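Structure first, then comments.
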Amino acid sequence: MKHSSLPSQPKLFSHLYIERGILEHPQTQMIRVKFSDSQVIVIEHYKEVFNRSAQSFAAQSSAKKLILARKEGKFLHEGSQYSDGFGIKQFFYASSVMGCLYDCDYCYLQGLYPSANTVLFVNLEDAFEQLTPYLGEDTLVATSYDTDTMAIESLTHQTKSWLDFAAQNEKLHLEIRTKSANIKALKNNIPNDRVTLAWTLSPQEIIDRYEHATPSLQKRLSAVREAIQLGWKVRLCIDPVIYTENFDSLYPQLIETIFATIDPESIEHLTLGSFRMSQSHLRSLKKLRRSDVAFFPYTVKDEMATYPETVESYILETLLAKATQYLPQERIRTWQRQS
Amino acid sequence: MIYLITALDAEAKPLWDHYRLKRDSSLPYTLYRNDEMTLLVGGIGKANTMMALSALLGWRIPETGDILINIGICGAPSEYTIGEALLIHQIFEGERRYYPDILYPHTLRESSLVCINSPQSIVRDYPVDMESSALFQAASRFFKLHQMAFIKIVSDHFTPESVTKEGAMDLVRSHVKTLDELIRNLQSVQVDSLLFTSEERQKIDALKGHFTKSQGDALEDALNYFRLKNPEQSLKIDHDIPHSKRERSQLLETLIIALTA
Ligand code: SF4
């Protein structure tokens, strides 16, 4: 039985853990105003909270806390083999946030981090400084790689800062991947040809089952339509595809739903990819025992778990056949294990 | 099981009264119990509390879903009202800091707490006690951070000599309802990670015994997949086990396909 006057769920970010060194940082102060009801706990270093042993990722997921910190060292990391640099040789991802507001069952962050809390590094100005020496050549930065930065845009304004920075640097390309429906940041900036907004879309049944706390498919599609109308470059990603018993109807239907209201000509690419994960992250995911996704009998090769080749090929062939009804093959990108 | 830990008999008495606990002499420490609750009087100071708690948790190892609450009185700066119950979100011990996870809504005032070595007449910035850091360290080997809570009732403004035994009892007694509420809150965030009943577990382990370690792991994964995907459906685990290795491998393959279909 619960206290009658209290909500059963704690409010989002009911606790702010703030490193002493950034108490005066403008972004810290802005966030404190926004979360004026939250408990503020002054810490020395984010790791003393984020890296504690004996945390429960599953329990924390429905009561996430926010940790504000200063990133020491590298903000930028080289692009990974699991993702696509779109032909741009210099490809980095920026890790200005650790953890995600959303809670997808298939997310590798559950295997990567000991905590479901979010760490926000407030000194984004240092990321821009670190990136500047590379900007003599075309450089792609994925700004939302280890998280969904758009999901917490109203709190951080980081997407806006990246868009402003890209507007001033002609060789900088951005990929902003999201499931969010909040596109306020886009409305306040002039569309930039070097910025690709990549929306991850899934059938509503998959969203309900595996993508907790994320916007519905319809909301994401409205955000996509609005972004296109505003003049932004958009890529759509049906990635990761989760193979289920009704895959045959769910995913082809998703492609139909998408293109029923979105002109295929107005998107850059469609990316298709089935679920994949490094073996070590999958092991951690299994320990959490949160979702069936972790326990499918995947094939493991070179430390990477994927659907067995027949399933993987079937997924891609089915979706490619459907997608080519709307888009030429060269505008469809697929992820498949190189055997 | 709910584990309640106090330092003093005076803090424990209102609790064993309220929860109708019986004295238990299984350990050389003051212990009161019933089927759902164990109350330990760990003594004053870090060393005593660490030894007593380790003895208790080693004797009865906590299970998934158990919780631990440290309840007691504390000295605090004058901005804290005498009699006020504080829920602790940060414990200092010298340079070290410990953080219980508070994952539930509640109406208590939250506070940091300094764990010190002797009673304090010196005014500090935060409330102080003498056991919390040791309790945290010992308990976090057995409990997840959200399964522990530290509740401190302000007894004095750094005038420990003013605190009487009766005073301590009254303070704790005045907060038994607060404790009831805290117990409910802690229990509400327990994540049940047991996917199988103990009967199912026995059968699964028996079945796995017929296979190699890696085959057993693959079967366990498939069973987890099935249960997480179909929480309402019952498992069919009774199978005739063939003698030949090849047939056993075939059976395993069939089982995995059926469970993950
Ligand atoms: S939105 Fe992306 S980063 Fe966030 S939980 Fe889902 S998969 Fe992980």
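In what follows, every chain begins at residue 1, and chains take the letters A, B, ... in the order their sequences are listed. The model shown is predicted, which means the values in this text are computed figures rather than measured ones.
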Distance (rounded to the nearest 0.5 Å) between A:Ile41 CD1 and B:Gln90 CD: 6.5 Å
From CD1 (B:Ile102) to OG (A:Ser14), nearest 0.5 Å: 8.0 Å
Structural part of A:Arg290 lying under 4.5 Å from a heavy atom of chain B: backbone
Flag if over 12 foreign heavy atoms under 6.0 Å of CZ, B:Arg60: yes
B:Tyr99 versus A:Val42, closest heavy-atom pair with distance: OH-O, 4.4 Å
OH on A:Tyr298 to OG1 on B:Thr260, rounded to 0.5 Å: 10.5 Å
Atom pair OG (B:Ser112) and CD (A:Gln39), whose distance is rounded to the nearest 0.5 Å: 9.0 Å
Interface moiety of A:Ser53 toward chain B, non-hydrogen atoms closer than 4.5 Å: backbone
Modelled atom types, side-chain donor and acceptor of B:Glu110 and A:His15, under 3.5 Å: yes
Residue part contacting chain B, namely of A:Phe57, when any heavy atom lies under 4.5 Å: neither
Flag side-chain contact, heavy atom, 4.5 Å: A:Glu44 against B:Arg97: yes
Per-residue contact mode, B:Phe226 against chain A (heavy atom under 4.5 angstrom): neither
Exercise: do A:Gln60 and B:Asp101 side chains pair donor with acceptor under 3.5 Å: yes
Spacing of A:Ser291 atom OG and B:Tyr225 atom OH [to the nearest 0.5 Å]: 9.0 Å
Closest heavy-atom pair and its distance - A:Ala54, B:Ser140: CB-O, 3.7 Å
Rounded distance [0.5 Å steps], NZ in A:Lys286 versus CG in B:Asn224: 9.0 Å
B:Lys229 with A:Glu245: basic N within carboxylate O range, under 4.0 Å: yes
NZ (A:Lys47) with more than 12 external heavy atoms under 6.0 Å: no
Residue, of B:His89, B:Glu220, B:Arg141, B:Arg96, that accumulates the most heavy atom pairs under 4.5 Å with chain A: B:His89
Exceeds 12 heavy-atom contacts within 6.0 angstrom, atom CD of B:Gln202: no
Interface residue of largest heavy-atom contact number with chain A, from B:Leu259, B:Asn230, B:Ile256, B:Leu145, under 4.5 Å: B:Leu145
Atom group of B:Pro100 that falls short of 4.5 Å from chain A, counting heavy atoms: backbone
B:Glu79 CD: over 12 foreign heavy atoms closer than 6.0 Å: yes
Where A:Phe295 and B:Asp221 come nearest, the two heavy atoms and their spacing: CB-O, 3.2 Å
